[in-house]
Amino acid sequence: MKKRIEREICAESADIVARRLLGCTLVRLIDGERLAGVIVETEAYVGENDLGAHASRGRTARTEVMYGPPGYAYVYLIYGMYDCLNVVACEVGMPHAVLVRAIQPTDGMERMRSNRKGTRTGKRLRDVDIASGPGKLCAAMQIGREFYGHDLVDGDELWIEMGASVSDRDVLVGPRIGIAYAKEWAHAPLRFALRNNPYVSR
DNA sequence: TATACGATCACCT
DNA sequence: GGTGATCGTATAC
């Protein structure tokens with residue numbers, strides 16, 4: 001069991017935190033079994049001015065957790081079907097968040113694969129397809145909205161561990177996905193991924 | 001109370 | 001490359 005992240009890691013602007021979380025390990029403990037994977041893709045949502053961010057509509061019941069301290073989980077339902085996991089970043093009162101978009105499974109891969117048996121054709125999923133997207137990752141790791149507000153630093157069933165350091169030349173930076181409506185913010189370089197890693201989405 | 005739509009995914013052509 | 005599934009949230013009425 002590796003060292004967990006410290007809360008200060010998450011206390012910066014979300015773009016900094018999104019970059020830092022690459023290479024860290026997301027861990028889910030369920031029925032005594034450890035499910036884990038290296039974070040290989042993230043996106044930053046940088047507060048109320050960010051037209052691509054849920055917080056751009058201000059403080060509501062849904063966005064409330066993002067206004068609190070960093071290191072907590074913001075989980076939301078998208079398209080009526082999938083849950084997505086975010087790490088709250090920045091300081092209290094600044095609603096920043098980092099969307100975890102993909103992980104490279106390391107522990108409990110078979111259980112994660114079976115958790116994704118929502119597919120019709122029932123074909124065996126390739127390893128690279130198990131958690132290569134924000135909705136897929138939550139399904140694979142059994143992360144739902146019950147984790148809204150969960151502490152990812154000191155929590156019990158879901159937390160983040162430190163990983164090997166990642167050099168800048170191994171990081172791909174580009175525009176975020178699925179926010180074409182966000183005007184100038186749609187192009188902002190706020191998506192981060194490990195270059196040439198086959199476990200990233202799309 | 002009613003309605004439009006989304007930080008996605010899987011299947012189809 | 002296109003589209004349907006499916007429901008909570010924000011916003012309009």
Side-chain angles (χ1 to χ4, degrees), chain A residues 10 13-19 21-22 26 37 39-67 70 72-90 94-105 112-150 152 172-193 198-202:
Chain A
C10 305
S13 178
D15 55 319
I16 305 291
V17 179
R19 166 67 180 80
L21 288 178
L22 291 178
L26 181 66
I39 296 170
V40 298
E41 182 182 354
T42 57
E43 280 179 359
Y45 290 85
V46 293
E48 293 182 342
N49 293 329
D50 178 357
L51 295 178
H54 292 161
S56 67
R57 311 274 170 104
R59 192 165 187 154
T60 66
R62 181 171 68 153
T63 60
E64 182 63 29
V65 71
M66 289 193 276
Y67 287 81
Y72 289 78
Y74 166 46
V75 183
Y76 67 92
L77 177 72
I78 186 63
Y79 295 109
M81 313 184 84
Y82 305 101
D83 289 311
C84 295
L85 172 69
N86 292 252
V87 182
V88 173
C90 209
M94 303 291 286
H96 285 218
V98 174
L99 173 65
V100 183
R101 286 193 58 89
I103 61 169
Q104 175 172 345
M112 285 194 254
R113 198 194 315 271
S114 68
N115 284 341
R116 291 249 302 128
K117 275 291 162 65
T119 57
R120 270 186 246 170
T121 51
K123 284 194 309 188
R124 178 181 170 86
L125 277 173
R126 299 182 308 158
D127 292 354
V128 293
D129 293 326
I130 291 175
S132 58
K136 298 177 189 177
L137 161 169
C138 283
M141 295 194 99
Q142 295 176 252
I143 297 168
R145 276 160 292 159
E146 65 273 19
F147 282 101
Y148 182 96
H150 178 87
L152 296 168
L172 185 69
V173 183
R176 293 170 293 180
I177 293 176
I179 54 161
Y181 57 84
K183 300 181 182 168
E184 70 271 20
W185 285 91
H187 320 293
L190 294 173
R191 173 173 177 258
F192 303 84
Y199 293 83
V200 304
S201 70
R202 180 71 84 99

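Note that the structure is a prediction, hence the values are computed from the model and not measured.
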Please state the P separation for the pair C:dT3 and B:dC5 - nearest whole angstrom.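 It comes out at 16 Å once rounded to the nearest Å.
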State whether A:Lys136 places a side-chain N or O below 4.0 Å from either non-bridging phosphate oxygen (OP1 or OP2) of B:dA10.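 The answer is yes; a side-chain N or O of A:Lys136 sits under 4.0 Å from OP1 or OP2.
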Would you say B:dC9 has OP1 or OP2 under 4.0 Å from some side-chain N or O of A:Arg116?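 Checking B:dC9 against A:Arg116, no side-chain N or O comes under 4.0 Å of OP1 or OP2.
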Can you check the [X] [atom1] to [N] [atom2] distance for me, whole Å?
X	N	atom1	atom2	value
A:Arg57	B:dA4	CZ	P	16 Å
A:Met81	C:dT6	CE	P	5 Å
A:Arg202	C:dG1	CZ	P	9 Å
A:Tyr181	B:dA4	OH	P	19 Å
A:Ile78	C:dA5	CD1	C1'	13 Å
A:Tyr82	B:dC9	OH	C1'	4 Å
A:His54	B:dC5	NE2	P	15 Å
A:Asp83	C:dA5	CG	P	20 Å

Is the shortest side-chain N to carboxylate O distance from A:Lys123 to A:Asp129 below 4.0 Å?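 Result for this pair is no, no salt bridge flagged.
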Heavy atoms only, 4.0 Å cut-off, all strands: where does [X] land among base, sugar-phosphate and nothing?
X	value
A:Gly52	base
A:Arg145	sugar-phosphate
A:Ile179	sugar-phosphate
A:Arg176	nothing
A:Thr60	sugar-phosphate

Which of these nucleotides, [options], is closest to any side-chain atom of [X]?
X	options	answer
A:Tyr45	B:dT8, B:dA7, C:dT6	B:dA7
A:Pro134	B:dC9, B:dA7, C:dG8	B:dC9
A:Ile177	C:dT11, B:dT8, B:dA7	B:dT8

For the residue pair A:Ile179 and A:Trp185, establish whether any side-chain heavy-atom pair is separated by less than 4.5 Å.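 They are not in side-chain contact.
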Does the side chain of A:Leu190 come within less than 4.5 Å of A:Tyr45's, by heavy atoms?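 Counting from C-beta outward, A:Tyr45 and A:Leu190 never come under 4.5 Å.
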Identify the stems formed by DNA chain B, where each pair is Watson-Crick or G-U wobble with both distances under 3.5 angstrom and a stem is at least 3 consecutive pairs.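 Runs of three or more consecutive pairs: B:1-6 with C:7-12, B:8-12 with C:1-5.
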Look up atom OG1 in A:Thr42 and atom CG in A:Leu99, then write down how far apart they are to the nearest 0.5 Å.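 CG of A:Leu99 is found 8.5 Å from OG1 of A:Thr42.
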With rounding to the nearest 0.5 Å, note down the distance linking CD in A:Glu41 to OG in A:Ser132.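 Nearest 0.5 Å value for the CD-OG distance: 8.5 Å.
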For A:Arg126 versus A:Arg113, what's the shortest heavy-atom pair and its separation?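 Nearest pair, atom of A:Arg126 first, then A:Arg113: C-NH1, 4.0 Å.
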List the atom of A:Arg176, the atom of A:Ala44, and the distance in Å for their closest heavy-atom pair.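 In terms of heavy atoms, the two residues are closest at NH1-O, 2.9 Å.
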Any donor-acceptor pair under 3.5 Å linking the side chain of A:His96 with the backbone of A:Ala89?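 Absent.
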With a centroid cutoff of 5.5 Å and a plane-angle limit of 30°, would you call A:Tyr79 stacked on C:dA5?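 The ring of A:Tyr79 is not stacked on C:dA5.
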